[in-house]
Protein chains: 2
Amino acid sequence: MAGTRAEIVSSAERVFDRHGFAGTGMDRLCEAASVSTRTLYKHVGSKTGLMAAVLESRMSRFFERFDVHSIEELFEALETWVAAEGARGCLFLRAQGETGGLTPEVSAVVAEYHRRLLELARRVIAEETGRPDEVLAEQLLVLFEGATSAAPYLGAGAISSARSAAVNLTRQAR
Amino acid sequence: MAGTRAEIVSSAERVFDRHGFAGTGMDRLCEAASVSTRTLYKHVGSKTGLMAAVLESRMSRFFERFDVHSIEELFEALETWVAAEGARGCLFLRAQGETGGLTPEVSAVVAEYHRRLLELARRVIAEETGRPDEVLAEQLLVLFEGATSAAPYLGAGAISSARSAAVNLTRQAR
DNA sequence: CCCAGTGTACAACGTTCGTTTTACATGTGG
DNA sequence: CCACATGTAAAACGAACGTTGTACACTGGG
């Protein structure tokens, strides 16, 4: 089959997201991908390798969907994402927490994700206000992270709260 | 010994925080508490029971240290907390994520924590502005959650960003 | 036609999991 | 001084862990 590895990775993403990384065994991952143990190992090497592949794949999908240029677009994209994938907290933070930051393959992807996320916040602020503003960018990042973290228990209201806060802060700074 | 259970719970909190819940075995928890397997089980019943006890204990300590009445105090308390305990993300969110929300004993404590946290945000906003403001309270909560989540990779700057954002939003609303 | 690639099933590796059992030491209070 | 609560050590439970080995079935292209 052509997309065997892709199927392994995407089904693993779903299972990891729903049941945690350490809490999920290889059996369950094989079953979710409808693939034998041997095949899974041929494609991803190890559980750690699978985790890294999952995060890598999620990062690509994330930044495709968050190719935004304004605050409104940013939080609208987050609402769409949550509506489609559910709100269970940031998978990158969860991976880092579960591994204790002791798994280089995982930490590397998480670090890159955070670098790109900060870069995205900077870009949005620059395009929104017409000039770079490091403080505002960091505030936007904190609001985004907060919305992601609070959405599991506050619901979509967390996202609209974050959006209005970001809008107000930006207007105020102008 | 008198505080055996307390010692078990507090050492477990450290280990869970550093290595994750599912990723930590009972052996390691016994070793951390300098206690036999049998004793640990007598005191906390099960791993799930230990997790719930850890979260319960942390919740008490948290709300003792966060008995604050202004935004400045709130984020100052967070800075103190992070300086003392390190920034590895919210342990309640991590517990909920690792269990997939399928462990009632854990979910119950997490839910109570979130209820009290929202209540704290409401109170701080009311005392700060002189009247209740649900929107502002939720924004403050999102900022607090965001600071907690971003601190592991942004450092203490995440907290000061959140504080200044909260201050600005509140001033603006007045 | 056959070879290489890609998949399968299945058992087993040694380790660690969470949990329980058995047997024994300690010190404190009635 | 006995009883009891509370602790210890060490071994074992069955199950699940991540991982590897062996052996076999299908497929497409030269």
Side-chain angles (χ1 to χ4, degrees), chain A residues 1-56 94-95 97-107 109, chain B residues 1-56 94-95 97-107 109:
Chain A
M1 198 177 299
T4 303
R5 198 192 124 104
E7 173 58 28
I8 291 172
V9 171
S10 86
S11 63
E13 180 181 339
R14 219 167 15 246
V15 181
F16 278 148
D17 187 31
R18 257 176 258 270
H19 297 86
F21 292 89
T24 302
M26 299 304 278
D27 291 2
R28 175 130 50 159
L29 295 165
C30 291
E31 194 192 331
S34 299
V35 137
S36 74
T37 315
R38 214 65 186 84
T39 301
L40 190 147
Y41 271 89
K42 279 213 181 108
H43 281 285
V44 297
S46 65
K47 190 185 191 183
T48 300
L50 179 54
M51 290 173 55
V54 161
L55 294 176
E56 204 114 32
R94 290 169 56 196
E98 291 205 38
T99 58
L102 303 171
T103 313
E105 300 177 67
V106 168
S107 294
V109 189
Chain B
M1 198 175 300
T4 303
R5 197 190 125 103
E7 173 58 27
I8 291 172
V9 171
S10 87
S11 63
E13 180 180 340
R14 218 168 16 244
V15 182
F16 278 148
D17 187 31
R18 258 177 254 271
H19 297 85
F21 291 90
T24 301
M26 300 303 278
D27 292 2
R28 178 133 44 159
L29 296 164
C30 291
E31 193 192 332
S34 299
V35 138
S36 73
T37 316
R38 195 73 226 279
T39 301
L40 190 147
Y41 271 89
K42 273 209 185 119
H43 281 286
V44 298
S46 66
K47 190 183 189 183
T48 300
L50 177 55
M51 290 173 54
V54 161
L55 293 176
E56 205 113 33
R94 291 169 56 196
E98 291 206 36
T99 58
L102 303 171
T103 313
E105 299 177 69
V106 169
S107 294
V109 189

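Order of the sequence lines sets the chain letters (A, B, ...), proteins ahead of strands, with each chain counted from 1. Note that the structure is a prediction, hence the values are computed from the model and not measured.
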Shorter than 3.5 Å, N or O on both sides, protein versus nucleotides 19-21 of chain C: list them out with atom names.
unit_1, atom_1, unit_2, atom_2, d
dT19(C), OP2, Y41(B), OH, 2.7
dT19(C), OP2, K47(B), N, 2.9
dT19(C), O5', Y41(B), OH, 3.2

Starting at atom [atom1] of [X], determine the distance to atom [atom2] of [N], rounded to an integer number of angstrom.
| X | N | atom1 | atom2 | result |
| --- | --- | --- | --- | --- |
| R28(A) | dA16(D) | CZ | C1' | 12 Å |
| H43(A) | dG5(C) | NE2 | P | 14 Å |
| E31(A) | dT8(C) | CD | P | 14 Å |
| L40(B) | dA9(D) | CG | C1' | 15 Å |

Nearest non-hydrogen partners of L55(B) and V106(B), listed with the distance: CD1-CG1, 3.9 Å
For E105(A) against G49(A), the heavy-atom pair lying closest together: OE1-CA, 3.9 Å
Here's a test of your reading of the structure: between T24(A) and S36(B), which maps to the more 5' nucleotide of DNA chain D? S36(B)
Under 4.0 Å from any atom of DNA chain D, heavy atoms only: list the residues of residues 7-19 of chain A that qualify, in numerical order. none
Any pair counted as side chain to side chain donor-acceptor pair (under 3.5 Å), so long as it reaches residues 42-51 of chain B, sequence neighbours left out: none
Please tabulate, for side-chain N and O atoms in residues 12-29 of chain A, each donor-acceptor pair with protein atoms closer than 3.5 Å (sequence neighbours left out).
unit_1, atom_1, unit_2, atom_2, d
E13(A), OE1, R61(A), NH2, 3.0
E13(A), OE2, R58(A), NE, 2.9
E13(A), OE2, R58(A), NH2, 3.4
E13(A), OE2, R61(A), NH2, 2.2
D17(A), OD1, R94(A), NH1, 2.8
D17(A), OD2, R88(A), NE, 3.1
D17(A), OD2, R88(A), NH2, 3.3
H19(A), NE2, R28(A), NH1, 3.2
T24(A), OG1, G20(A), O, 2.6

Please tabulate, for side-chain N and O atoms in residues 30-40 of chain A, each donor-acceptor pair with protein atoms closer than 3.5 Å (sequence neighbours left out).
unit_1, atom_1, unit_2, atom_2, d
S36(A), OG, T39(A), N, 3.2
S36(A), OG, T39(A), OG1, 3.0

Can you name the side-chain hydrogen bond (donor to acceptor under 3.5 Å, both in side chains) partners of T99(B), sequence neighbours left out? none
